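Report on the structure given below.
Being a predicted model, the structure only gives us computed values, none of them experimental. Just so we're on the same page: letters track the sequence lines, and every chain starts at 1.
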Protein chains: 2
Amino acid sequence: MDRRVRRTRDLLRRALLDLILEKGYDRITVQDVIDRADVGRSTFYAHFTDKDDLLLSGLEEMSVTLEEQMRRHLEGGDPNPVLAAFRHADQHRHLWKALAGKRGAEVMRDGVRRRIYDIGLRRLHSVLPEGGPPHEVTFEFLMSSLVGLLTWWIDEDRPYTPEQMADMYMRLAISSVHGAYDVSGQFWKSVQ
Amino acid sequence: MDRRVRRTRDLLRRALLDLILEKGYDRITVQDVIDRADVGRSTFYAHFTDKDDLLLSGLEEMSVTLEEQMRRHLEGGDPNPVLAAFRHADQHRHLWKALAGKRGAEVMRDGVRRRIYDIGLRRLHSVLPEGGPPHEVTFEFLMSSLVGLLTWWIDEDRPYTPEQMADMYMRLAISSVHGAYDVSGQFWKSVQ
DNA sequence: ACCCTGCTGAACACTGTGTTCGGAAAGGGG
DNA sequence: CCCCTTTCCGAACACAGTGTTCAGCAGGGT
């Protein structure tokens with residue numbers, strides 16, 4: 001039955017997330033996960049090929065809602081394009097901490113990073129003016145600082161609201177581009 | 001014999017670095033390392049407690065020269081304080097790629113990151129003005145973009161000189177701070 | 001030539017992985 | 001309610017890698 005399958009997979013995913021927050025991803029064994037989820041060993045391997053696979057299945061779920069949320073914000077003409085990301089992280093703190101935080105797995109951080117990069121790339125490339133550093137450099141600069149701020153904020157439980165974080169990031173990011181490319185206020189408008 | 005000991009440790013460290021570039025840190029077994037270094041198994045464990053320990057002993061060596069080099073630049077009143085970091089990465093490409101790159105270990109990236117953070121923190125805190133975002137936010141923004149650019153540049157073999165990289169980074173970084181802090185203050189009061 | 005000191009490698013116990021398979025349990029359709 | 005299919009269970013197994021131990025070997029230093 002489909003319901004049974006989904007239930008089992010959810011149990012396993014949830015157990016993994018809890019364990020990540022407790023002891024960190026790399027200290028977890030498959031045995032830990034199936035004990036916590038109260039699921040048979042062979043059942044685990046019937047659903048996932050290994051621990052990483054289980055983890056990645058969680059990322060899929062998360063990045064789908066993230067991308068959707070970001071797209072909605074962008075298409076809705078939101079003045080701050082990164083607000084959606086900070087809001088999503090705030091609403092799914094538990095998930096983000098486990099997946100993108102310190103105790104999470106490397107695989108995962110790379111995954112999250114790549115997702116945000118992909119979303120940002122589409123938009124940024126058409127928005128960046130000419131006459132400054134190569135786009136790839138500016139892109140790397142802006143994306144790594146965004147990912148850095150996002151994960152730091154969640155990981156360290158800093159007491160700023162998503163709106164504050166997004167504002168601060170955008171202010172820093174926009175003026176960096178503005179200064180480095182030496183353009184007039186037109187850039188600010190095109191971002192809004 | 002002191003010389004014999006040092007030789008053995010060097011053989012192991014070198015073997016590890018080569019293997020990291022070949023197959024990535026997490027795919028390496030202790031057996032791989034000692035085979036490559038042609039060293040007995042028990043000898044390995046006589047010198048290092050495990051694989052991570054061997055890796056960290058390499059970081060020590062690297063971060064000592066990096067810190068020294070950065071301190072010299074800073075004390076010499078160098079106009080571009082991050083140039084030393086880009087130069088060091090350029091001169092020790094092999095090491096940086098293995099330690100701070102994609103194929104390197106997580107432990108290591110965190111180590112490199114923390115080193116750069118520590119060095120930057122001392123300096124930044126006294127330099128940042130008031131009236132903008134909280135220092136910790138700006139600091140995180142600047143440091144993660146610096147680390148991001150550094151590792152991306154080395155990892156992807158982008159064809160820019162250390163001087164160009166340092167220049168581009170400083171341009172982006174300075175104008176971001178300048179722009180974000182040079183405000184009438186009204187905006188930031190609501191954040192703080 | 002003789003010591004040390006450090007190196008060797010086989011053997012071992014142990015932890016964790018991923019597979020297999022007979023049988024139990026759970027749910028849906030008649 | 002029973003039957004049938006799907007799913008789950010868990011013990012047993014082979015395997016890979018870790019870290020330890022120990023008797024013996026090698027070679028540089030005095």
Side-chain angles (χ1 to χ4, degrees), chain A residues 1-61 98 103-108 110-111, chain B residues 1-61 98 103-108 110-111:
Chain A
M1 241 19 25
D2 203 34
R3 244 174 57 212
R4 278 156 84 195
V5 173
R6 185 160 300 172
R7 194 188 105 90
T8 306
R9 295 173 71 102
D10 272 3
L11 281 176
L12 288 169
R13 270 199 280 261
R14 223 162 279 188
L16 181 65
L17 288 184
D18 286 351
L19 284 167
I20 287 177
L21 292 179
E22 281 173 29
K23 48 183 347 202
Y25 181 71
D26 31 354
R27 286 173 202 274
I28 297 173
T29 71
V30 173
Q31 197 62 48
D32 291 336
V33 178
I34 64 182
D35 283 352
R36 176 65 62 99
D38 200 30
V39 156
R41 183 170 188 74
S42 52
T43 308
F44 176 92
Y45 285 106
H47 287 293
F48 305 99
T49 68
D50 52 23
K51 212 176 59 168
D52 281 4
D53 188 32
L54 171 57
L55 191 71
L56 287 171
S57 81
L59 177 65
E60 278 316 311
E61 201 188 322
R103 331 203 56 154
E106 211 171 342
V107 211
M108 202 36 41
D110 285 356
Chain B
M1 252 15 34
D2 201 35
R3 245 174 56 212
R4 278 156 83 193
V5 172
R6 186 162 300 171
R7 193 187 106 90
T8 306
R9 296 172 71 101
D10 272 3
L11 281 177
L12 287 169
R13 270 198 281 259
R14 227 163 275 187
L16 181 65
L17 288 184
D18 286 351
L19 284 166
I20 287 176
L21 293 180
E22 281 172 31
K23 49 189 336 208
Y25 181 70
D26 30 353
R27 286 175 203 274
I28 296 173
T29 71
V30 172
Q31 197 61 47
D32 290 336
V33 178
I34 64 183
D35 283 350
R36 176 66 61 99
D38 201 31
V39 155
R41 184 171 188 73
S42 52
T43 308
F44 176 93
Y45 286 104
H47 287 293
F48 305 99
T49 68
D50 52 24
K51 212 176 60 166
D52 281 3
D53 189 31
L54 171 58
L55 190 72
L56 286 171
S57 81
L59 176 65
E60 278 315 314
E61 201 187 325
R103 332 201 55 154
E106 212 171 341
V107 210
M108 203 36 43
D110 286 355

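- Rounded to whole angstrom, the span from the NE2 atom of A:His47 across to the C1' atom of C:dG18 amounts to 16 Å.
- Judged purely by atom type and a 3.5 angstrom limit, B:Thr43 has no side-chain atom pairing as donor or acceptor with the backbone of B:Val39.
- One cannot find a donor-acceptor pair under 3.5 Å joining the base of C:dG16 and the side-chain atoms of A:Thr29.
- The distance between atom CG of A:Leu12 and atom P of D:dC9, rounded to the nearest whole Å, is 9 Å.
- Rounded to a whole Å, the CD atom of B:Gln31 is 18 Å from the P atom of D:dC15.
- Considering only heavy atoms from C-beta on, A:Arg13 stays 4.5 Å or farther from A:Leu55 through its side chain.
- For the pair B:Arg6 CZ and D:dG28 C1', the computed distance is 16 Å after rounding to whole Å.
- The side chain of A:Val30 has C:dG18 as its nearest neighbour among C:dT8, C:dG18, D:dT6.
- Listed nucleotides: C:dT8, C:dT17, D:dT18. Nearest to the side chain of B:Val39: C:dT8.
- If you check C:dA11, C:dG16, D:dT7 against the side chain of B:Arg41, the one that comes closest is C:dA11.
- Side chain of B:Asp50, nearest nucleotide from C:dT8, D:dC8, D:dG19: D:dG19.
- Rounded to an integer number of Å, the gap from OH of A:Tyr45 to P of D:dC9 is 15 Å.
- The side chain of A:Thr43 contributes an N or O atom lying less than 4.0 Å from OP1 or OP2 of D:dC9.
- The minimum heavy-atom distance linking A:Glu106 with B:Gly104 is given by the pair OE2-O, 4.0 Å.
- Of the candidates D:dT20, D:dC9, D:dC8, D:dC8 carries the atom nearest the A:Arg4 side chain, counting heavy atoms from C-beta on.
- Considering only the side chain of A:Arg3, C:dG28 comes nearest among C:dG28, D:dA26, D:dT21.
- Counted by atom type alone, B:Asp52 and B:Tyr25 present one or more donor-acceptor pairs between their side chains at under 3.5 Å.
- Side-chain atoms of B:Asp32 do not come within 3.5 Å of backbone N or O of B:Ile28 as any donor-acceptor pair.
- If you measure from atom CG of A:Leu11 to atom C1' of D:dT7, you get 14 Å, rounded to the nearest angstrom.
- For B:Asp38 and C:dG6, the CG to C1' distance is 16 Å, given to the nearest whole Å.
- Atom CZ in B:Phe44 sits about 16 Å away from atom P in D:dT21, given to the nearest Å.
- Phosphate contact (OP1/OP2 of D:dG19, side-chain N/O of B:Ser42, threshold under 4.0 Å): absent.
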